[in-house]
Structure formats: C-alpha cells, structure tokens
Amino acid sequence: MPNSQRLSVEGILLLIGLAIGWGFNWPIMKFIIGEIPPLTFRGFCLFFGGLGILGLARASGLTLSIPTGYWKKVLWICLLNIVAWNVMATYGLSMLPAGRSALLGYTMPIWTVLLSVWVLHDKFTLRIGIALLLGIAGVFALMSEALINWFSAPMSTQLILGAVLMVAAAWCWAAGTVLMKRWQVPLNTVALTGWLLLLASVPIIIAAVFVDGALQKMPSTLALWGVVYNVFFAFMFCYWAWVRLVTLVPVSVSSLSSLITPLIGVISGILLLGEQPGWPEYSATVLILGAVAVVNFSSAKKTNPAPANSDPV
C-alpha cells in the first residue's frame, strides 16, 4: 500500500503519544522489575494488553480473523517484534546499567534503515542519511557519560553478554518492523496488534513459570499501578500506535522518528526522579529533534498517501 514519505498530522499525534507512553515507562519499569520478576511482568502485560485490544476490536465491530495464509507471517512478526525484543531487552537491561541498555537498544533505526534498503528496496536518500547521523549522534550524546564509563572500565563477561543481548534485541525489533511492512497483513491494526501481543504472551508466560516461579510476596500498590499503566498505555495504546505508524510511513521514517522516545525517557527521569539535565541532554535534544525534522519536514518529493482501507481507527 503506498504511503507518505513523512508523518501526517495523525502520524505526529501517534508519535507524540508513543514517545510519552514508552519514554515515561523507563523509570516505571525500573521500579516494577525490582518487585516483580521480568518475565512474569512482561507476560502479564502482554496477555492482558492483547486481550484488551482484541476486546476493543470486537466491541467496535472489527474483524478478528487473521486471513488465510498469513498465520505464519504473523507468527514471525510476533516472534521478532514482540517476543525477542521483550525477552532479550529485559535480560540485557538486567546485566547493564540503564543508560548503556538504552544506547544499544536504540541502535534499532540503524538496522531498520539497512534492512529496509535490502529487503524493501527503499532508497537510501541524502535526507535519510542526514537524519540517521543526527539521530544516532543524539543518542550517543544522551548516553555519553555511560559510554565513557563503559569504555574506561574493564569489560566483564556479564557486560559483554548484556551488550550482545541488547544489540540482538534491537536487530530483532528492526527485522520484525521491516517484515511487517513487507508482508502488509490485510487486517486492521487494532486486531493485528491484539493478536501480536496475545500470541507473544504465551511463550513468555510459560517461560516465567519455570524461570521466575511464584511471586514471593505481594507487590506494593505503587508497583501494581505501574502494571496498570503498562497494560493500558505502554502496551495497549503504544503498541497499537507503533503498528499503525509503521503502516503510514516508510520504516526508515517511523524508526528514526521513534528516537524521540529515549529523549522523553531522560525528561521523565528529570521530572520523576529529580535528575539534573546537563550538556548531553541539551545537545541530544537539538540533535534528535533535528533528525525528526529532517526526515519529516525537509524538502522531498511528495507522494499522495492511499487511505488505510482496512483501518477505520
């Protein structure tokens, strides 16, 4: 399905909601994982998030049936985009400081752009190249202190394994996004997102039973409210917004635009944890916003987007 080469008003609104939802979730997740084992937490959110989205789709009269011949493709997208990312990123985060994890996790746009050129035969234009350089420079500036500490300290086996897991998670997220764009599953994005989350919850919940075991004590009220936030906002809304965004614009545009998320993550740390911003935060803000502006608002040949024929939402 043809689409615009830059974000529409709808896309900008989706991006803002996505960046706020996932960005503010970094400190929330850090708190929750301290009380609830990672796989249990992720499996619970995926299961109830998926059920909730499918319930909304059904109540809205949308079809829930995955078209014949697309089940294998949906499972591959689910495996890469949801299962692999959630599991490897969670364990990578447990082995690395949060800053290093975010730096490696948000190498995703690099892999997305490269894979889109190879798999989707997208053109690697000067505009995309400049936006990519600005975006990655912004992420490096954002995590500069963690990066300096990383290279100045001896690398343990745990740090190496954590880094490998985070890069692999970023690659899987990118690969799943590119495949989602290539296969164009003819199903509305509400139902498709619900199925992706629900299907992903099955192997993660099974793994949680053997790896995490039963909860040793009841989580605090604050942690439970964090889980509620994750189910309804970070999973139900944000995953739907991401799938929708991927259908609206080329994956290079959606992935580069998503670099706003770690920026919001830092801002949320300032607001919620009382952290003080410095030159890395200020320079990263300029670079990342510059990348998003270049990829969306610089001069380029316009194409008329086709209406989303399977998506009334």
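In this text, all values refer to a predicted model and were calculated from it rather than measured experimentally.
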Rounding to 0.5 Å, atoms CD1 (I32) and CG (N230) come to a distance of 4.5 Å
Would you say that T247 contacts M180 through its side chain, given a criterion of any heavy-atom pair below 4.5 Å between the two side chains? no
Legend entry - side chain to side chain contact (heavy atoms under 4.5 Å, CB included) between L64 and R58, intermediate numbers included: CA-CA 7 Å; L64 302 185; R58 184 61 180 266; 4.1 Å; yes
query = Less than 4.5 Å apart, any side-chain heavy atom of W111 and any of V167?
reply = yes
*asked:* Assigning hydrophobic clusters by single linkage (Ile, Leu, Val, Met, Phe, Trp, Tyr; side-chain heavy-atom cutoff under 4.5 Å), is F24 placed with W225?
replied: yes
Is any side-chain heavy atom of L46 less than 4.5 Å from a side-chain heavy atom of L198? no
Same cluster (ILVMFWY, side-chain, under 4.5 Å), V202 and F210:
yes
Heavy atoms of K181 and V246 approach each other most closely as NZ-O, 2.8 Å
With a 4.5 Å cut-off on side-chain heavy atoms, are V228 and L224 touching? no
Check: Could you walk me through whether F124 and L114 pass the side chain to side chain contact (heavy atoms under 4.5 Å, CB included) check?
Finding: CA-CA 9 Å; F124 188 83; L114 294 176; 5.6 Å; no
In this structure, CE of M88 is separated from CH2 of W173 (nearest 0.5 Å) by 13.0 Å
Using side-chain heavy atoms (C-beta onward) and a distance below 4.5 Å, is I66 in contact with L192?
no
- Do F41 and F31 share a hydrophobic cluster (ILVMFWY, side-chain heavy atoms under 4.5 Å, transitive)? no
When rounded to the nearest 0.5 Å, the distance separating CZ of R42 from CG of N86 is 4.0 Å
The test is side chain to side chain contact (heavy atoms under 4.5 Å, CB included); show your working for R244 and T193 and say whether it passes. CA-CA 9 Å; R244 178 65 176 160; T193 306; over 6 Å; no
Worksheet entry | Trace of the side chain to side chain contact (heavy atoms under 4.5 Å, CB included) decision for K123 with I128 | CA-CA 9 Å; K123 291 183 179 180; I128 294 299; over 6 Å; no
Any donor-acceptor pair under 3.5 Å linking the side chain of N81 with the backbone of I77? no
Do C45 and F232 have side chains that approach each other closer than 4.5 Å (heavy atoms only, starting at C-beta)?
no
#### Entry: Close side-chain approach of F44 and F48, heavy atoms under 4.5 Å
yes
Correct closest heavy-atom pair for Y70 and Q184 would be CE2-O, 4.3 Å
Closest heavy-atom pair, S220 versus E35, reported as atoms and distance to 0.1 Å, is N-OE1, 2.7 Å
Rounded to the nearest 0.5 angstrom, the OG-CG distance for S255 and L115 is 10.0 Å
Would V211 and I204 show up in the same hydrophobic cluster when neighbours are defined by side-chain heavy atoms closer than 4.5 Å?
yes
Heavy-atom closest pair (L54 atom, A191 atom, distance to 0.1 Å) is CD2-O, 3.6 Å
(message) Determine whether a donor-acceptor pair (N or O, by modelled atom type, separation under 3.5 Å) exists between the side chain of D212 and the backbone of L39.
(response) yes
To the nearest 0.5 Å, atom CD1 of I53 lies from atom CG of L62 at 12.0 Å
Between the CG atom in L248 and the CG atom in L15, the distance rounded to the nearest 0.5 Å is 11.5 Å
Between W118 and L80, is there shared hydrophobic-cluster membership here, with clusters defined by ILVMFWY side-chain heavy atoms closer than 4.5 Å? yes
I'd like to check F235 versus W240 (side-chain heavy atoms, cut-off strictly below 4.5 Å). Are they in contact? no
Checklist entry - How about W71 and W195: are their ring centroids closer than 6.0 Å? => result yes
message: Whether the side chain of N25 engages the backbone of G21 through a donor-acceptor N/O pair (distance < 3.5 Å, no angle test) should be reported.
response: no
Between L18 and C238, the two heavy atoms sitting closest are CD1-O, 3.1 Å
Ring geometry between F233 and F237 (parallel below 30°, tilted from 30 to 60°, perpendicular above 60°)
parallel
Next on the checklist: Are there over 12 heavy-atom neighbours, none belonging to W183, within less than 6.0 Å of that residue's CH2?
Outcome noted: yes
Between G213 and T40, the two heavy atoms sitting closest are O-OG1, 4.5 Å
Practice prompt. Kindly assign one of parallel, tilted or perpendicular to the pair W242 and W22, based on the angle between their ring planes and the thresholds 30° and 60°.
Written response: tilted
